[in-house]
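Chain letters run A, B, ... following the sequence lines, proteins first, then strands; residues in each count from 1.
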There are 2 protein chains.
Amino acid sequence: MSANSRLTIAAHALAWIGLYQRQGHEVATSEQIATSANTNPVVIRRLLGELRRAGLVESRRGVGAGWSLARELESMTLLDVYEAVEPGPLFAMHRTTPDQGCVVGHGIQPAMQSIYERIEETVRHELARVTLASVLRDVLAAPR
Amino acid sequence: MSANSRLTIAAHALAWIGLYQRQGHEVATSEQIATSANTNPVVIRRLLGELRRAGLVESRRGVGAGWSLARELESMTLLDVYEAVEPGPLFAMHRTTPDQGCVVGHGIQPAMQSIYERIEETVRHELARVTLASVLRDVLAAPR
DNA sequence: GCTGTCGTAACAATTAACGTTGCGACTGCC
DNA sequence: GGCAGTCGCAACGTTAATTGTTACGACAGC
């Protein structure tokens with residue numbers, strides 16, 4: 001599965017902003033975060049834009065502009081981030097509609113759909129148990 | 001997440017073969033399955049080849065060739081199929097290594113890695129609870 | 001006005017999955 | 001022994017999504 005790294009990068013950005021603010025800074029720029037994540041500032045701005053729409057971060061414009069947290073990291077979970085940045089489901093159906101004249105082709109999609117929904121629900125449950133504050137704790141606890 | 005449909009198609013193929021055998025046929029051809037799944041026979045052969053390596057199906061060659069189940073559908077779970085056809089993890093890390101000189105860039109990957117491993121474990125647990133026999137039951141129970 | 005940053009559009013680059021074609025290998029049947 | 005049907009597999013084209021890049025206007029503080 002060509003998994004995407006949107007959730008990883010978004011968590012990275014949030015942890016970075018959170019740590020930076022703890023160190024007394026008001027706002028973080030997309031360029032600073034991009035340097036840490038080794039990617040392009042526009043990629044960060046795009047992701048943070050989605051997080052802003054979800055009410056997780058705020059942005060200022062003008063000179064001295066940048067990003068800040070809209071809520072405490074303690075009150076943010078990976079589920080919040082996941083829902084903000086992940087568009088589609090974990091597992092996909094057929095790209096083309098299967099043969100509806102075939103019994104299997106007709107019944108397979110509803111069958112798999114309900115299974116997939118149950119699995120995604122447990123994934124969401126697990127994501128909801130992890131706060132961004134605990135992610136940052138784990139980040140800082142990594143051996144160097 | 002650009003989810004792929006490999007698990008869905010593989011389950012489709014197994015259910016199709018299982019039902020076909022129940023109706024008294026010995027083997028199913030990749031072309032029959034491809035027609036039901038509305039795709040190309042080579043795609044089916046590729047997927048079934050992976051399932052064969054995992055010991056879930058067998059194939060014959062020559063005239064009257066085709067595919068048959070190597071085990072009962074009751075003894076096959078979606079986890080068996082998932083592990084046979086899904087190469088990578090559900091969530092990806094950064095595409096490029098983050099800045100190891102940054103505290104967050106250095107600690108983010110191990111932190112996310114352990115979270116992702118825990119989540120994949122619960123997904124595997126859920127997949128293991130679903131047999132292909134129950135998938136086929138659900139397929140046949142779909143309203144027409 | 002100048003500067004630094006966001007906001008966003010447009011497009012290129014990369015990657016993975018999927019689809020297609022072609023052909024050799026195998027096996028049962030005539 | 002030849003024929004026909006199907007798998008096995010490689011090669012390549014197509015498609016779609018993500019990611020990366022460039023460009024430029026908007027905004028706000030100095």
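- Residues in residues 134-144 of chain B take part in no side-chain hydrogen bond (donor to acceptor under 3.5 Å, both in side chains) pair, two or more places apart or across chains.
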**Study point:** Base-contact (B) and sugar-phosphate-only (S) positions in nucleotides 6-14 of chain D, heavy-atom cut-off under 4.0 Å, - elsewhere
**Key:** SBBBBB---
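- Atom CG of Asn40(B) and atom C1' of dT15(D) are 15 Å apart (whole Å).
- OP1 or OP2 of dG19(C) lies within a sub-4.0 Å distance of a side-chain N or O belonging to Thr39(B).
- Going from atom CD1 of Ile44(B) over to atom C1' of dA17(C) covers 14 Å, rounded to whole Å.
- Relative ring orientation between His94(B) and His12(A) is described as perpendicular, the plane-to-plane angle rising above 60° on a 0-90° scale split at 30° and 60°.
- Within the structure, every side-chain polar atom (N or O) of Ser5(B) is placed at least 4.0 Å from both OP1 and OP2 of dA17(C).
- For Leu7(A) and dT19(D), the CG to C1' distance is 16 Å, given to the nearest whole Å.
- Across the protein-nucleic acid pair, Gln32(B) atom CD and dG5(D) atom C1' stand 12 Å apart, rounded to whole Å.
- Applying the salt bridge (charged side-chain N to carboxylate O under 4.0 Å, His left out) test to pairs two or more places apart or on separate chains, those with a residue in residues 24-43 of chain B are Glu26(B)-Arg60(B).
- Atom CD in Glu26(A) sits roughly 15 Å away from atom C1' in dA28(D) (whole-Å rounding).
- In this structure, the CD1 atom of Ile9(B) is 14 Å from the P atom of dA17(C), given to the nearest Å.
- In this structure, the salt bridge (charged side-chain N to carboxylate O under 4.0 Å, His left out) partners of Glu121(B), at least two apart in sequence or on a different chain, are Arg124(B).
- One can place CZ of Arg95(B) at 11 Å from P of dT18(D), the figure rounded to the nearest angstrom.
- Taking atom CG of residue Leu47(A) and atom P of nucleotide dC6(C), one finds them 14 Å apart after rounding to whole Å.
- Listed by first then second residue, pairs satisfying side-chain hydrogen bond (donor to acceptor under 3.5 Å, both in side chains) with a partner in residues 49-59 of chain A read Arg6(A)-Glu50(A), Arg52(A)-Ser59(A), not counting sequence neighbours.
- For residues 34-46 of chain A, no residue pair satisfies the salt bridge (charged side-chain N to carboxylate O under 4.0 Å, His left out) rule, not counting sequence neighbours.
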